[in-house]
Amino acid sequence: MDNQAFRSYAHEFVDWMADYLEQVENFPVKAQVEPGDIYRQIPEKAPLKGESMAEIFIDFMKIILPGMTHWQSPNFFAYFPANSSYPSVLAEMLTATLGAQCMKWETSPAAAELEEKMMNWLKEMTGLPKHFRGVIQDSASTATLVAILTAREKHSDYQVNEKGLKWFDSFRVYCSTETHSSVEKAVKIAGIGSQNLVKVGVDDQFRLDPRLLKLAIESDLKVGNKPICVVATLGTTGATAIDPLEEIAGICSRYGIWLHVDAAFAGSALILPEFRWMIKGVEYADSFVFNPHKWLFTNFDCSAYFVKDKYSLLRTLQVVPEYLRTQDQGKVNDYCDWGVPLGRRFRALKLWFVLRSFGTKTLQEKLRYHIRMARDLAELIGQEEEFELMAPVTLNLVCFRFKPKGIEDEKLLNNINEKLLKKINDSGRIFLTHTKLNGKYVLRMVIGQTNVEQRHVDEAWKLVQSSKSVIDLSGPPYVGR
Ligand SMILES: *Cc1c(COP(=O)(O)O)cnc(C)c1O
(Lines give C-alpha, C1' and ligand atoms only; values in the text may rest on other atoms or scores of the structure.)
Protein backbone atom coordinates (compact mmCIF):
# COMPACT_ATOMS: atom_id res chain seq x y z
CA MET A 1 0.00 0.00 0.00
CA ASP A 2 1.35 3.41 -0.89
CA ASN A 3 0.64 6.78 0.67
CA GLN A 4 -2.02 7.64 -1.89
CA ALA A 5 -3.96 4.44 -1.22
CA PHE A 6 -3.55 4.93 2.52
CA ARG A 7 -5.03 8.41 2.23
CA SER A 8 -7.99 7.24 0.26
CA TYR A 9 -8.77 4.26 2.53
CA ALA A 10 -8.31 6.39 5.60
CA HIS A 11 -11.00 8.77 4.33
CA GLU A 12 -13.26 5.86 3.52
CA PHE A 13 -12.72 4.31 6.95
CA VAL A 14 -13.44 7.58 8.72
CA ASP A 15 -16.80 7.71 6.97
CA TRP A 16 -17.45 4.14 8.05
CA MET A 17 -16.43 5.00 11.63
CA ALA A 18 -18.82 7.94 11.81
CA ASP A 19 -21.65 5.85 10.31
CA TYR A 20 -20.95 3.01 12.72
CA LEU A 21 -21.01 5.20 15.79
CA GLU A 22 -24.15 6.92 14.58
CA GLN A 23 -25.94 3.59 14.09
CA VAL A 24 -24.32 1.45 16.74
CA GLU A 25 -27.47 1.18 18.83
CA ASN A 26 -29.15 -0.73 16.02
CA PHE A 27 -26.65 -3.60 16.15
CA PRO A 28 -27.38 -6.64 18.35
CA VAL A 29 -25.39 -5.47 21.33
CA LYS A 30 -24.13 -8.88 22.37
CA ALA A 31 -22.60 -10.88 19.50
CA GLN A 32 -25.12 -13.49 18.37
CA VAL A 33 -22.61 -16.20 17.44
CA GLU A 34 -21.67 -19.66 18.67
CA PRO A 35 -18.14 -20.66 19.74
CA GLY A 36 -16.00 -21.38 16.65
CA ASP A 37 -18.24 -19.46 14.23
CA ILE A 38 -15.60 -16.85 13.51
CA TYR A 39 -12.57 -19.12 13.77
CA ARG A 40 -13.95 -21.41 11.06
CA GLN A 41 -14.22 -18.54 8.60
CA ILE A 42 -10.56 -17.54 8.80
CA PRO A 43 -8.14 -19.41 6.50
CA GLU A 44 -5.69 -21.84 8.08
CA LYS A 45 -2.66 -19.97 6.79
CA ALA A 46 -1.59 -16.38 6.21
CA PRO A 47 -1.68 -15.44 2.51
CA LEU A 48 1.52 -15.70 0.54
CA LYS A 49 0.58 -12.86 -1.78
CA GLY A 50 -0.74 -9.58 -0.42
CA GLU A 51 -4.47 -8.95 -0.75
CA SER A 52 -6.23 -5.72 -1.53
CA MET A 53 -7.56 -3.54 1.25
CA ALA A 54 -10.94 -3.68 -0.45
CA GLU A 55 -11.07 -7.46 0.05
CA ILE A 56 -9.79 -7.22 3.62
CA PHE A 57 -12.39 -4.64 4.50
CA ILE A 58 -15.20 -6.72 3.03
CA ASP A 59 -14.14 -9.58 5.29
CA PHE A 60 -14.02 -7.24 8.25
CA MET A 61 -17.66 -6.39 7.59
CA LYS A 62 -18.69 -9.95 6.79
CA ILE A 63 -16.74 -12.02 9.31
CA ILE A 64 -15.58 -9.78 12.12
CA LEU A 65 -18.43 -7.35 12.71
CA PRO A 66 -21.09 -10.02 13.38
CA GLY A 67 -18.74 -11.50 15.99
CA MET A 68 -18.31 -8.24 17.86
CA THR A 69 -20.07 -7.25 21.05
CA HIS A 70 -20.81 -3.56 20.71
CA TRP A 71 -19.38 -1.93 23.80
CA GLN A 72 -20.08 1.53 22.45
CA SER A 73 -23.78 0.86 22.08
CA PRO A 74 -25.92 2.85 24.50
CA ASN A 75 -27.78 -0.44 25.03
CA PHE A 76 -24.67 -1.91 26.64
CA PHE A 77 -25.42 -2.21 30.37
CA ALA A 78 -23.10 -5.17 31.08
CA TYR A 79 -19.97 -5.55 33.27
CA PHE A 80 -18.53 -2.09 33.77
CA PRO A 81 -18.34 -0.09 30.55
CA ALA A 82 -15.16 0.45 28.51
CA ASN A 83 -16.21 3.79 27.16
CA SER A 84 -14.81 5.69 24.25
CA SER A 85 -15.84 9.03 22.81
CA TYR A 86 -15.22 11.00 19.63
CA PRO A 87 -12.22 12.97 20.92
CA SER A 88 -10.70 9.78 22.30
CA VAL A 89 -11.05 7.94 18.99
CA LEU A 90 -9.49 10.88 17.13
CA ALA A 91 -6.53 10.83 19.50
CA GLU A 92 -6.13 7.07 19.03
CA MET A 93 -5.90 7.65 15.28
CA LEU A 94 -3.04 10.06 15.83
CA THR A 95 -1.38 7.74 18.34
CA ALA A 96 -1.50 4.87 15.85
CA THR A 97 -0.10 7.12 13.16
CA LEU A 98 2.80 8.34 15.30
CA GLY A 99 3.40 4.72 16.30
CA ALA A 100 5.77 5.78 19.06
CA GLN A 101 7.00 3.38 21.72
CA CYS A 102 7.18 5.62 24.75
CA MET A 103 9.25 3.62 27.20
CA LYS A 104 11.65 6.36 28.25
CA TRP A 105 11.56 10.15 28.25
CA GLU A 106 14.06 10.20 25.38
CA THR A 107 11.94 7.91 23.22
CA SER A 108 9.28 10.66 23.09
CA PRO A 109 9.66 13.54 25.56
CA ALA A 110 6.17 14.85 24.76
CA ALA A 111 4.58 11.55 25.75
CA ALA A 112 6.38 11.46 29.10
CA GLU A 113 5.71 15.08 29.96
CA LEU A 114 2.08 15.04 28.82
CA GLU A 115 1.58 11.89 30.92
CA GLU A 116 2.94 13.62 34.02
CA LYS A 117 0.71 16.63 33.43
CA MET A 118 -2.40 14.53 32.71
CA MET A 119 -1.92 12.61 35.94
CA ASN A 120 -1.72 15.94 37.73
CA TRP A 121 -4.91 17.09 36.02
CA LEU A 122 -6.69 13.92 37.14
CA LYS A 123 -5.32 14.30 40.65
CA GLU A 124 -6.70 17.81 40.85
CA MET A 125 -10.04 16.88 39.25
CA THR A 126 -10.62 14.01 41.64
CA GLY A 127 -9.34 15.64 44.84
CA LEU A 128 -6.55 13.12 45.37
CA PRO A 129 -3.67 14.30 47.60
CA LYS A 130 -1.06 16.59 46.08
CA HIS A 131 1.79 14.36 47.22
CA PHE A 132 0.67 11.49 44.96
CA ARG A 133 2.69 10.84 41.81
CA GLY A 134 0.82 9.37 38.85
CA VAL A 135 1.57 7.06 35.95
CA ILE A 136 -0.66 5.49 33.31
CA GLN A 137 -0.83 1.69 33.42
CA ASP A 138 -2.56 -0.55 30.91
CA SER A 139 -5.09 -1.82 33.44
CA ALA A 140 -6.12 -1.77 37.07
CA SER A 141 -4.92 -5.38 37.32
CA THR A 142 -1.40 -4.29 36.44
CA ALA A 143 -1.59 -1.35 38.84
CA THR A 144 -2.66 -3.65 41.66
CA LEU A 145 0.14 -6.08 40.83
CA VAL A 146 2.62 -3.22 40.92
CA ALA A 147 1.24 -2.08 44.29
CA ILE A 148 1.56 -5.56 45.80
CA LEU A 149 5.07 -6.00 44.41
CA THR A 150 6.09 -2.67 45.92
CA ALA A 151 4.54 -3.58 49.27
CA ARG A 152 6.41 -6.90 49.18
CA GLU A 153 9.71 -5.16 48.50
CA LYS A 154 9.21 -2.47 51.10
CA HIS A 155 8.42 -5.10 53.73
CA SER A 156 11.43 -7.25 52.84
CA ASP A 157 13.75 -4.24 52.71
CA TYR A 158 13.98 -4.91 48.94
CA GLN A 159 15.48 -8.33 49.60
CA VAL A 160 12.97 -10.50 47.72
CA ASN A 161 14.01 -8.79 44.50
CA GLU A 162 17.58 -9.88 45.17
CA LYS A 163 17.37 -13.21 46.95
CA GLY A 164 13.99 -14.52 45.95
CA LEU A 165 11.07 -15.41 48.15
CA LYS A 166 12.71 -18.34 49.92
CA TRP A 167 13.36 -16.46 53.15
CA PHE A 168 10.04 -14.70 53.20
CA ASP A 169 7.24 -17.17 53.45
CA SER A 170 4.88 -15.46 55.85
CA PHE A 171 3.59 -12.44 53.92
CA ARG A 172 -0.14 -11.75 54.19
CA VAL A 173 -2.39 -9.57 52.04
CA TYR A 174 -5.94 -8.56 53.02
CA CYS A 175 -9.02 -7.58 51.10
CA SER A 176 -12.76 -8.22 51.39
CA THR A 177 -14.75 -11.16 50.09
CA GLU A 178 -16.18 -8.76 47.48
CA THR A 179 -12.79 -7.66 46.13
CA HIS A 180 -12.00 -7.99 42.42
CA SER A 181 -10.23 -11.16 41.27
CA SER A 182 -7.25 -9.09 40.06
CA VAL A 183 -6.05 -8.96 43.69
CA GLU A 184 -5.86 -12.75 43.89
CA LYS A 185 -4.10 -12.85 40.54
CA ALA A 186 -1.55 -10.28 41.72
CA VAL A 187 -0.90 -12.19 44.95
CA LYS A 188 -0.27 -15.34 42.91
CA ILE A 189 2.07 -13.59 40.45
CA ALA A 190 3.95 -11.87 43.27
CA GLY A 191 4.80 -15.26 44.74
CA ILE A 192 2.87 -14.61 47.93
CA GLY A 193 0.41 -17.41 47.28
CA SER A 194 -3.36 -17.22 47.18
CA GLN A 195 -3.51 -19.02 50.55
CA ASN A 196 -1.97 -15.90 52.03
CA LEU A 197 -4.69 -13.66 50.70
CA VAL A 198 -7.04 -13.11 53.61
CA LYS A 199 -10.59 -12.35 52.49
CA VAL A 200 -12.28 -10.40 55.24
CA GLY A 201 -16.04 -10.43 55.66
CA VAL A 202 -18.37 -7.60 54.67
CA ASP A 203 -21.36 -5.85 56.24
CA ASP A 204 -24.94 -5.95 54.97
CA GLN A 205 -24.02 -3.44 52.27
CA PHE A 206 -21.06 -5.50 51.00
CA ARG A 207 -18.43 -3.16 52.54
CA LEU A 208 -15.33 -4.56 54.18
CA ASP A 209 -15.84 -4.81 57.94
CA PRO A 210 -12.86 -3.03 59.57
CA ARG A 211 -13.34 -4.87 62.87
CA LEU A 212 -12.82 -8.18 61.09
CA LEU A 213 -9.79 -6.75 59.29
CA LYS A 214 -8.21 -5.74 62.57
CA LEU A 215 -8.89 -9.16 64.07
CA ALA A 216 -7.38 -10.92 61.06
CA ILE A 217 -4.23 -8.79 61.22
CA GLU A 218 -3.83 -9.29 64.95
CA SER A 219 -4.23 -13.03 64.78
CA ASP A 220 -1.66 -13.16 61.96
CA LEU A 221 0.81 -11.10 63.99
CA LYS A 222 0.37 -13.46 66.94
CA VAL A 223 1.56 -16.43 64.91
CA GLY A 224 4.44 -14.56 63.32
CA ASN A 225 2.91 -13.79 59.93
CA LYS A 226 3.79 -10.48 58.28
CA PRO A 227 0.90 -8.32 57.06
CA ILE A 228 2.23 -6.37 54.07
CA CYS A 229 -0.75 -4.97 52.19
CA VAL A 230 -4.45 -4.21 52.49
CA VAL A 231 -6.52 -3.60 49.37
CA ALA A 232 -9.56 -1.39 49.96
CA THR A 233 -12.13 -1.15 47.18
CA LEU A 234 -14.14 1.90 46.26
CA GLY A 235 -16.90 0.49 44.06
CA THR A 236 -16.81 -3.29 44.20
CA THR A 237 -17.54 -5.11 40.96
CA GLY A 238 -20.52 -6.97 42.38
CA ALA A 239 -22.47 -4.10 43.91
CA THR A 240 -20.25 -0.94 43.84
CA ALA A 241 -19.86 -1.10 47.61
CA ILE A 242 -17.54 1.52 49.07
CA ASP A 243 -15.17 0.14 51.71
CA PRO A 244 -14.78 2.45 54.74
CA LEU A 245 -11.45 3.92 53.76
CA GLU A 246 -10.80 6.11 56.77
CA GLU A 247 -11.14 3.27 59.25
CA ILE A 248 -9.09 0.92 57.07
CA ALA A 249 -6.42 3.61 56.71
CA GLY A 250 -6.26 3.97 60.48
CA ILE A 251 -5.61 0.24 60.87
CA CYS A 252 -2.96 0.27 58.14
CA SER A 253 -1.10 3.22 59.69
CA ARG A 254 -1.19 1.62 63.10
CA TYR A 255 0.38 -1.62 61.88
CA GLY A 256 2.58 -0.10 59.16
CA ILE A 257 0.82 -1.90 56.29
CA TRP A 258 0.78 -0.76 52.65
CA LEU A 259 -2.71 0.48 51.76
CA HIS A 260 -3.71 0.10 48.12
CA VAL A 261 -7.04 1.55 46.97
CA ASP A 262 -8.79 -0.08 44.03
CA ALA A 263 -11.26 2.46 42.67
CA ALA A 264 -11.10 1.06 39.13
CA PHE A 265 -14.66 1.93 38.24
CA ALA A 266 -15.91 4.33 40.93
CA GLY A 267 -12.83 6.56 40.92
CA SER A 268 -14.22 8.57 38.01
CA ALA A 269 -17.09 9.70 40.26
CA LEU A 270 -14.55 11.63 42.34
CA ILE A 271 -14.76 14.42 39.78
CA LEU A 272 -18.09 15.08 41.53
CA PRO A 273 -17.53 16.90 44.83
CA GLU A 274 -20.59 15.18 46.30
CA PHE A 275 -18.76 11.84 46.07
CA ARG A 276 -15.49 12.92 47.70
CA TRP A 277 -16.67 11.37 50.97
CA MET A 278 -15.51 8.08 49.45
CA ILE A 279 -11.85 9.14 49.77
CA LYS A 280 -11.89 10.46 53.29
CA GLY A 281 -8.60 9.15 54.68
CA VAL A 282 -6.96 8.67 51.26
CA GLU A 283 -3.96 10.77 52.33
CA TYR A 284 -2.85 7.69 54.31
CA ALA A 285 -3.06 5.42 51.27
CA ASP A 286 0.18 4.30 49.64
CA SER A 287 -1.30 3.72 46.22
CA PHE A 288 -4.53 4.32 44.35
CA VAL A 289 -5.87 3.22 40.97
CA PHE A 290 -8.83 4.16 38.82
CA ASN A 291 -9.66 3.58 35.18
CA PRO A 292 -10.48 6.53 32.91
CA HIS A 293 -11.06 3.73 30.37
CA LYS A 294 -14.15 2.69 32.28
CA TRP A 295 -16.24 5.73 33.08
CA LEU A 296 -14.30 8.71 31.78
CA PHE A 297 -14.88 8.27 28.03
CA THR A 298 -11.25 7.40 27.24
CA ASN A 299 -10.61 4.35 25.05
CA PHE A 300 -9.34 1.20 26.67
CA ASP A 301 -6.58 1.07 27.83
CA CYS A 302 -5.90 3.88 30.26
CA SER A 303 -5.55 3.20 33.96
CA ALA A 304 -4.42 5.98 36.31
CA TYR A 305 -2.11 4.72 39.07
CA PHE A 306 -0.96 6.98 41.88
CA VAL A 307 1.70 6.34 44.51
CA LYS A 308 2.68 8.24 47.60
CA ASP A 309 6.35 7.26 47.54
CA LYS A 310 7.58 6.99 43.98
CA TYR A 311 11.04 5.95 45.13
CA SER A 312 9.78 2.68 46.57
CA LEU A 313 8.06 2.00 43.25
CA LEU A 314 11.21 2.76 41.25
CA ARG A 315 13.37 0.75 43.58
CA THR A 316 11.04 -2.21 43.12
CA LEU A 317 10.86 -2.16 39.33
CA GLN A 318 13.81 -0.25 37.90
CA VAL A 319 16.45 -2.18 36.00
CA VAL A 320 18.71 -0.14 33.73
CA PRO A 321 20.87 -2.15 31.33
CA GLU A 322 23.57 -0.30 29.41
CA TYR A 323 21.57 -0.17 26.17
CA LEU A 324 18.79 1.71 27.93
CA ARG A 325 20.98 4.22 29.73
CA THR A 326 20.33 7.80 28.63
CA GLN A 327 21.97 11.10 29.47
CA ASP A 328 18.86 12.41 31.18
CA GLN A 329 18.71 9.53 33.65
CA GLY A 330 17.33 10.76 36.98
CA LYS A 331 16.31 14.17 35.64
CA VAL A 332 13.19 13.00 33.84
CA ASN A 333 10.45 10.40 34.25
CA ASP A 334 11.32 7.19 32.44
CA TYR A 335 7.93 5.55 32.87
CA CYS A 336 9.17 2.09 31.92
CA ASP A 337 10.55 2.04 35.48
CA TRP A 338 7.07 2.66 36.93
CA GLY A 339 5.42 -0.51 35.68
CA VAL A 340 5.89 -4.07 34.41
CA PRO A 341 6.44 -3.84 30.63
CA LEU A 342 9.32 -1.95 29.06
CA GLY A 343 7.36 -0.85 25.99
CA ARG A 344 4.56 1.66 26.44
CA ARG A 345 1.83 3.10 24.25
CA PHE A 346 1.29 6.85 24.09
CA ARG A 347 -1.86 6.79 26.22
CA ALA A 348 -1.76 10.32 27.61
CA LEU A 349 -2.79 11.82 24.27
CA LYS A 350 -6.33 10.46 24.29
CA LEU A 351 -6.80 11.55 27.88
CA TRP A 352 -5.67 15.06 26.95
CA PHE A 353 -8.10 15.16 24.03
CA VAL A 354 -10.97 13.90 26.19
CA LEU A 355 -10.39 16.20 29.15
CA ARG A 356 -10.01 19.25 26.90
CA SER A 357 -12.80 18.46 24.50
CA PHE A 358 -15.43 17.73 27.16
CA GLY A 359 -14.16 20.00 29.92
CA THR A 360 -14.67 19.07 33.56
CA LYS A 361 -18.14 20.60 33.69
CA THR A 362 -19.57 18.46 30.89
CA LEU A 363 -17.90 15.35 32.30
CA GLN A 364 -19.55 16.08 35.63
CA GLU A 365 -22.92 16.59 33.98
CA LYS A 366 -22.65 13.27 32.14
CA LEU A 367 -21.77 11.34 35.27
CA ARG A 368 -24.55 13.00 37.24
CA TYR A 369 -27.01 12.11 34.48
CA HIS A 370 -25.96 8.45 34.63
CA ILE A 371 -26.26 8.39 38.41
CA ARG A 372 -29.68 10.03 38.30
CA MET A 373 -30.99 7.52 35.75
CA ALA A 374 -29.74 4.65 37.91
CA ARG A 375 -31.42 6.06 41.02
CA ASP A 376 -34.70 6.60 39.18
CA LEU A 377 -34.62 3.05 37.89
CA ALA A 378 -33.87 1.74 41.38
CA GLU A 379 -36.85 3.64 42.69
CA LEU A 380 -39.04 2.14 39.99
CA ILE A 381 -37.81 -1.37 40.75
CA GLY A 382 -38.46 -0.75 44.45
CA GLN A 383 -42.13 -0.24 43.60
CA GLU A 384 -42.43 -3.35 41.44
CA GLU A 385 -44.13 -6.30 43.11
CA GLU A 386 -42.24 -8.97 41.22
CA PHE A 387 -38.75 -7.44 41.31
CA GLU A 388 -36.33 -6.99 44.15
CA LEU A 389 -33.51 -4.49 44.51
CA MET A 390 -30.53 -6.52 45.75
CA ALA A 391 -27.99 -3.86 46.80
CA PRO A 392 -27.98 -0.15 47.56
CA VAL A 393 -27.42 1.99 44.45
CA THR A 394 -24.37 4.02 45.44
CA LEU A 395 -23.50 5.15 41.91
CA ASN A 396 -24.93 3.88 38.67
CA LEU A 397 -25.09 0.11 39.10
CA VAL A 398 -28.51 -1.38 39.75
CA CYS A 399 -28.56 -4.96 41.09
CA PHE A 400 -31.96 -6.61 40.99
CA ARG A 401 -33.71 -9.90 40.51
CA PHE A 402 -37.06 -11.23 39.38
CA LYS A 403 -39.03 -12.71 42.26
CA PRO A 404 -42.36 -14.07 41.09
CA LYS A 405 -45.07 -14.16 43.72
CA GLY A 406 -45.12 -17.29 45.80
CA ILE A 407 -41.64 -18.48 44.89
CA GLU A 408 -39.33 -18.49 47.90
CA ASP A 409 -36.92 -21.29 47.08
CA GLU A 410 -33.52 -19.64 46.55
CA LYS A 411 -32.22 -22.27 44.16
CA LEU A 412 -35.28 -21.94 42.00
CA LEU A 413 -35.01 -18.16 42.08
CA ASN A 414 -31.38 -18.36 40.96
CA ASN A 415 -32.43 -20.61 38.15
CA ILE A 416 -35.26 -18.35 37.05
CA ASN A 417 -33.01 -15.30 36.98
CA GLU A 418 -30.36 -17.13 35.00
CA LYS A 419 -33.00 -17.98 32.41
CA LEU A 420 -34.24 -14.41 32.42
CA LEU A 421 -30.76 -13.08 31.75
CA LYS A 422 -30.30 -15.45 28.84
CA LYS A 423 -33.66 -14.47 27.40
CA ILE A 424 -32.80 -10.77 27.64
CA ASN A 425 -29.34 -11.09 26.12
CA ASP A 426 -30.44 -13.43 23.33
CA SER A 427 -32.77 -10.70 22.14
CA GLY A 428 -29.68 -8.72 21.12
CA ARG A 429 -31.44 -5.54 22.16
CA ILE A 430 -29.57 -4.95 25.39
CA PHE A 431 -26.72 -6.62 27.22
CA LEU A 432 -26.74 -7.22 30.99
CA THR A 433 -24.49 -9.40 33.14
CA HIS A 434 -24.94 -11.02 36.53
CA THR A 435 -23.21 -11.75 39.79
CA LYS A 436 -24.04 -13.52 43.03
CA LEU A 437 -24.61 -11.54 46.21
CA ASN A 438 -24.93 -13.67 49.35
CA GLY A 439 -25.38 -16.66 47.07
CA LYS A 440 -28.28 -15.04 45.25
CA TYR A 441 -28.16 -14.71 41.48
CA VAL A 442 -28.65 -11.04 40.61
CA LEU A 443 -28.78 -9.12 37.37
CA ARG A 444 -26.44 -6.15 37.10
CA MET A 445 -27.39 -3.15 35.04
CA VAL A 446 -24.74 -0.44 34.75
CA ILE A 447 -26.00 2.87 33.40
CA GLY A 448 -22.76 4.49 32.32
CA GLN A 449 -22.24 4.11 28.59
CA THR A 450 -21.02 7.32 26.93
CA ASN A 451 -24.20 7.91 24.95
CA VAL A 452 -26.84 6.28 27.10
CA GLU A 453 -30.02 8.33 27.48
CA GLN A 454 -33.21 7.97 29.47
CA ARG A 455 -35.01 6.45 26.47
CA HIS A 456 -32.47 3.57 26.38
CA VAL A 457 -33.02 2.86 30.06
CA ASP A 458 -36.80 3.01 29.62
CA GLU A 459 -36.64 0.60 26.69
CA ALA A 460 -34.30 -1.70 28.59
CA TRP A 461 -36.64 -1.89 31.53
CA LYS A 462 -39.59 -2.60 29.24
CA LEU A 463 -37.60 -5.45 27.72
CA VAL A 464 -36.82 -6.92 31.15
CA GLN A 465 -40.53 -6.72 31.96
CA SER A 466 -41.64 -8.40 28.78
CA SER A 467 -38.92 -11.08 28.98
CA LYS A 468 -39.97 -12.14 32.45
CA SER A 469 -43.41 -13.11 31.26
CA VAL A 470 -42.15 -15.55 28.64
CA ILE A 471 -39.70 -17.62 30.66
CA ASP A 472 -40.64 -21.00 31.99
CA LEU A 473 -40.73 -20.72 35.78
CA SER A 474 -40.64 -24.39 36.62
CA GLY A 475 -38.87 -26.08 33.71
CA PRO A 476 -35.45 -27.69 33.85
CA PRO A 477 -32.53 -25.43 34.84
CA TYR A 478 -30.76 -23.55 32.15
CA VAL A 479 -27.45 -25.26 31.50
CA GLY A 480 -24.72 -22.91 30.32
CA ARG A 481 -22.51 -23.91 27.45
C1 LIG B 1 -12.70 -3.46 36.36
C2 LIG B 1 -12.12 -3.63 37.69
C3 LIG B 1 -10.83 -4.15 37.85
C4 LIG B 1 -10.02 -4.65 36.70
O5 LIG B 1 -9.73 -3.64 35.81
P6 LIG B 1 -8.78 -3.88 34.55
O7 LIG B 1 -8.37 -2.49 34.18
O8 LIG B 1 -9.60 -4.54 33.52
O9 LIG B 1 -7.63 -4.72 35.00
C10 LIG B 1 -10.32 -4.22 39.12
N11 LIG B 1 -11.02 -3.82 40.19
C12 LIG B 1 -12.27 -3.32 40.09
C13 LIG B 1 -13.00 -2.89 41.32
C14 LIG B 1 -12.85 -3.21 38.83
O15 LIG B 1 -14.08 -2.71 38.73
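None of these values were measured; they are calculated from a predicted model. Both ligands and their constituent atoms are indexed starting at 1 by order of listing.
Aromatic ring orientation, Trp461 versus Phe400: perpendicular (interplanar angle above 60°, classes split at 30° and 60°). Classified by interplanar angle (parallel below 30°, tilted 30° to 60°, perpendicular above 60°), the ring pair His260/Tyr305 is tilted.
Counting protein heavy atoms only, atom 13 (C) of ligand 1 is closest to Asp262 OD2, 3.5 Å. In terms of protein heavy-atom proximity, atom 4 (C) of ligand 1 is closest to His180 CE1, 3.5 Å. Considering only non-hydrogen protein atoms, atom 9 (O) of ligand 1 sits nearest to Ser141 OG, 2.5 Å. Protein heavy atom nearest atom 7 (O) of ligand 1, with residue, atom name and distance: Ala140 N, 2.8 Å.
Looking at Phe288 and Asp262, their side chains never come closer than 4.5 Å, going by heavy atoms from C-beta outward. A 4.5 Å side-chain heavy-atom check between Glu92 and Phe353 finds every atom pair outside the cut-off. Taking 4.5 Å as the limit, every side-chain heavy atom of Thr450 sits out of range of all side-chain heavy atoms of Ser84.
Close contacts between ligand 1 and Thr237 involve ligand atoms 12 (C), 13 (C), 14 (C), 15 (O) [criterion: under 4.0 Å to a heavy atom]. In summary, the atoms of ligand 1 found under 4.0 Å from a heavy atom of His293, numbered by their order in the structure, are 7 (O). The ligand atoms of ligand 1 that sit less than 4.0 angstrom from a heavy atom of Gly235 are 13 (C). Residue Ala264 has at least one heavy-atom neighbour below 4.0 Å for each of these atoms of ligand 1: 2 (C), 3 (C), 10 (C), 11 (N), 12 (C), 14 (C), 15 (O). Within ligand 1, the atoms closer than 4.0 Å to a non-hydrogen atom of Phe80 are 15 (O), numbered from 1 in the order shown.
Polar contact with ligand 1: absent for Ser303 (N/O pair, distance under 3.5 Å). Of the polar atoms of Ser182, none of the N or O atoms is found under 3.5 Å from an N or O of ligand 1, judged by distance alone. The shortest N/O to N/O separation between Lys294 and ligand 1 falls below 3.5 Å. The shortest N/O to N/O separation between Thr233 and ligand 1 does not fall below 3.5 Å.
Within the 3.5 Å criterion, the main-chain N or O of Leu395 finds no donor-acceptor partner in the side chain of Arg375. A donor-acceptor pair is defined here as one N or O able to donate and one able to accept, closer than 3.5 Å; such a pair exists between the side chain of Glu115 and the backbone of Ile136.
Under a cutoff of 6.0 Å and an axis angle of 45°, Lys366 and Phe297 form a cation-pi pair.
Side chains of Tyr174 and Asp220: a donor-acceptor N/O pair is present below 3.5 angstrom, by distance only.
Counting heavy atoms closer than 4.0 Å to ligand 1, residue Thr236 contributes nothing at all.
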